[in-house]
Amino acid sequence: MKTALRTASIAIIALSVWSCNDNCTETRVRRSMTPTTISLLEVRKDLKTEAPRALEHPGKIYVRDKYLFINEVAEGLHIIDNSDPSSPRSVAFVKIPGNGDMAVRGNILYADSYSDLVALDITDPKNPKEVNRVEEVFRSGQFDGGTWTYNPNIRAINAQKVTFFTETIQTNCEDNPTPNWGWGWNTAFAMADASFFRSSNVSSAAPTSGGGGGDGQGGSMARFALYDKYLYTVGQNELNLFDVSTPSKPAFFSTVQLGWGIETIFPYKDKLFIGSTTGMHIYDNSNPAKPERLSIFQHGRACDPVVVHNDIAYVTIRTGTFCGGAQNQLDLVDIRDLRRPQLIKSYQMQNPHGLGIDFPTLYLCEGEHGLKVFDATDPFSVDSRLLSHFKKMDAYDVIPLGKTLMMIGKDGFYQFDASDSKNLRQLSKIPVGKAAI
């Protein structure tokens, strides 16, 4: 009898557990890919200026003087008059098929458009005009994890159109959750994580700063950079140089082989700091026409944008992206000896993305976990000097501008009064789904 009761009890418990597992639900963000072919004639015909429109899928940010440029991933650029940071105003949307990055010198804006590099005259920001184009210079790329390739036989782009959708499914309570293909999971919707290849070579997009008056400024996730008389673009394997000594007439100049997994570029003084999935590359750029590698600071496989101040490089490493890896951390690297960079200290983070330094203030984007502000005066105690943590926002990348901080994320574009780094004050927000008009 006791045996029978014990058997019945075990059966009831087993049924209860089975029932619990069977009744679990999970909401997942999925993506679907639809093959599509776009002729270069169509790509070039579709570049046009349109009326301002709402942010839908924001990507990289770029600023020059009073104007702000926000990439709409793979579709074009929002141009915003930011004369009053508390009330930014959209003035135009430039439709640029296959766009992921941008850079501005003077009144010329450079943007990628699938296989082409386009130069736009933005003297009148309400009505940019195409003035030049370096054709078929990029051969392949990626948006949202969907790839595109240039087909020279028919002069067209073979692409995978990516669509995200949400579904609720029944799951086993004890199953491990499936990775989320949402904005915070992939590399910023690959945040135009566009990796472009030039012929058998590669080219892509990155930040700006460095030489040349009239240049704008990008964030740590950028792939376009202006320095001296060159526009640098990085792709998965290479650094490509375009001669922009005559800004309205960019011309391909040369290619520097970098190695695999290149992601971002950050010019600092006469050096280039290039982030990759395996480490930070340091290049001597004293001869801007011929950057030369000095060293590589290596780490495990992961994405790693980098910014620099004086003798310290600040590098974030994160998981949950196409870059792979199992680390979420901020690394401070001693670069006094550029040929032998060494780790100062690693700090565990939640899911760090882009970052910016306005020393001693360090701004760090934690994706869906928000924005963190640190006092980085002492490189050995950064984690104990958290000044603030804004949790109810998504943070992908930032541009510190002294008294103002710009931030882009999944839910929109933010601006803060940063005159008191201990007490950031939000000035404005352009939310996804709305235009700043």
Side-chain angles (χ1 to χ4, degrees), residues 58-64 68-71 82 85 101-103 188 191 206-210 215-225 263-269 271-275 280 303-318 329-333 335 347 349-367 369-377 379 382-383 385-390 393-409 412-427:
K60 312 254 178 96
I61 52 176
Y62 195 91
V63 61
R64 184 183 180 277
L68 167 70
F69 305 87
I70 302 179
N71 162 243
N82 199 43
D101 270 271
M102 77 295 291
M191 204 48 145
T208 54
S209 77
D215 293 354
Q217 183 175 344
S220 65
M221 292 291 196
R223 291 176 177 261
F224 275 20
E263 299 178 302
T264 62
I265 181 172
F266 187 85
Y268 185 73
K269 297 181 179 178
K271 302 298 183 290
L272 297 177
F273 295 85
I274 297 172
M280 174 183 66
C303 292
D304 73 337
V306 54
V307 295
V308 178
H309 176 74
N310 288 342
D311 296 327
I312 298 179
Y314 303 80
V315 183
T316 60
I317 301 172
R318 70 185 183 279
Q329 65 191 50
L330 165 69
D331 284 350
L332 272 62
V333 182
I335 55 172
Y347 297 95
M349 296 293 160
Q350 292 170 283
N351 192 225
H353 286 64
L355 69 168
I357 182 75
D358 183 12
F359 196 81
T361 307
L362 175 67
Y363 301 98
L364 189 141
C365 298
E366 286 271 33
H369 302 289
L371 172 69
K372 290 179 179 177
V373 185
F374 295 94
D375 179 347
T377 302
V382 173
D383 58 345
R385 299 190 178 192
L386 178 65
L387 301 179
S388 56
H389 184 185
F390 298 86
M393 56 184 63
D394 196 290
Y396 173 72
D397 202 6
V398 290
I399 300 178
L401 297 170
K403 294 184 178 181
T404 305
L405 177 72
M406 297 182 172
M407 188 191 81
I408 191 71
F413 171 75
Y414 293 80
Q415 291 189 88
F416 299 89
D417 179 341
S419 53
D420 180 358
S421 59
K422 295 181 180 179
N423 297 287
L424 293 190
R425 180 172 61 87
Q426 184 175 319
L427 297 174

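Throughout, residue positions are numbered sequentially from 1 according to the sequence presented.
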Are [X] and [Y] packed together at the side-chain level, in the sense that at least one heavy-atom pair is separated by less than 4.5 angstrom?
X	Y	result
N71	D101	no
Y347	L332	yes
R318	P305	yes
V333	F273	no
L330	P352	no

request  = For K60 and Y62, run side chain to side chain contact (heavy atoms under 4.5 Å, CB included): C-alpha distance rounded to whole Å, both residues' side-chain angles, the deciding distance at 0.1 Å, then the answer.
outcome  = CA-CA 7 Å; K60 312 254 178 96; Y62 195 91; over 6 Å; no
Apply side chain to side chain contact (heavy atoms under 4.5 Å, CB included) to [X] and list each qualifying residue two or more places apart in sequence or on a separate chain.
X	answer
L386	K372, F374, H389
D311	R336
N310	Y268, K269

Atom [atom1] of [X] and atom [atom2] of [Y]: how far apart are they, to the nearest 0.5 Å?
X	Y	atom1	atom2	value
T316	E366	OG1	CD	9.0 Å
I399	I61	CD1	CD1	4.0 Å
Q217	M406	CD	CE	9.0 Å
L362	R385	CG	CZ	13.0 Å
R425	L405	CZ	CG	13.0 Å
I335	I312	CD1	CD1	8.5 Å

Any donor-acceptor pair under 3.5 Å linking the side chain of [X] with the backbone of [Y]?
X	Y	answer
S220	L355	yes
H353	N351	yes
N82	L68	no
Q350	H369	no

For residues [X] and [Y], report the shortest heavy-atom separation together with the two atoms involved.
X	Y	result
I265	A225	CG2-CB, 3.9 Å
P85	Q415	O-NE2, 3.2 Å
Y363	L371	CB-CD1, 4.4 Å
D397	G354	OD1-CA, 3.5 Å
P58	G409	CG-O, 3.7 Å
V306	A313	CG2-CB, 4.1 Å

key: Sole residue of F359, F266, Y314 in ring-ring contact (aromatic ring centres under 6.0 Å, His included) with H309   = F359
key: Ring center gap for F390 and F416 short of 6.0 angstrom   =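 Ring centres of F416 and F390 closer than 6.0 Å.
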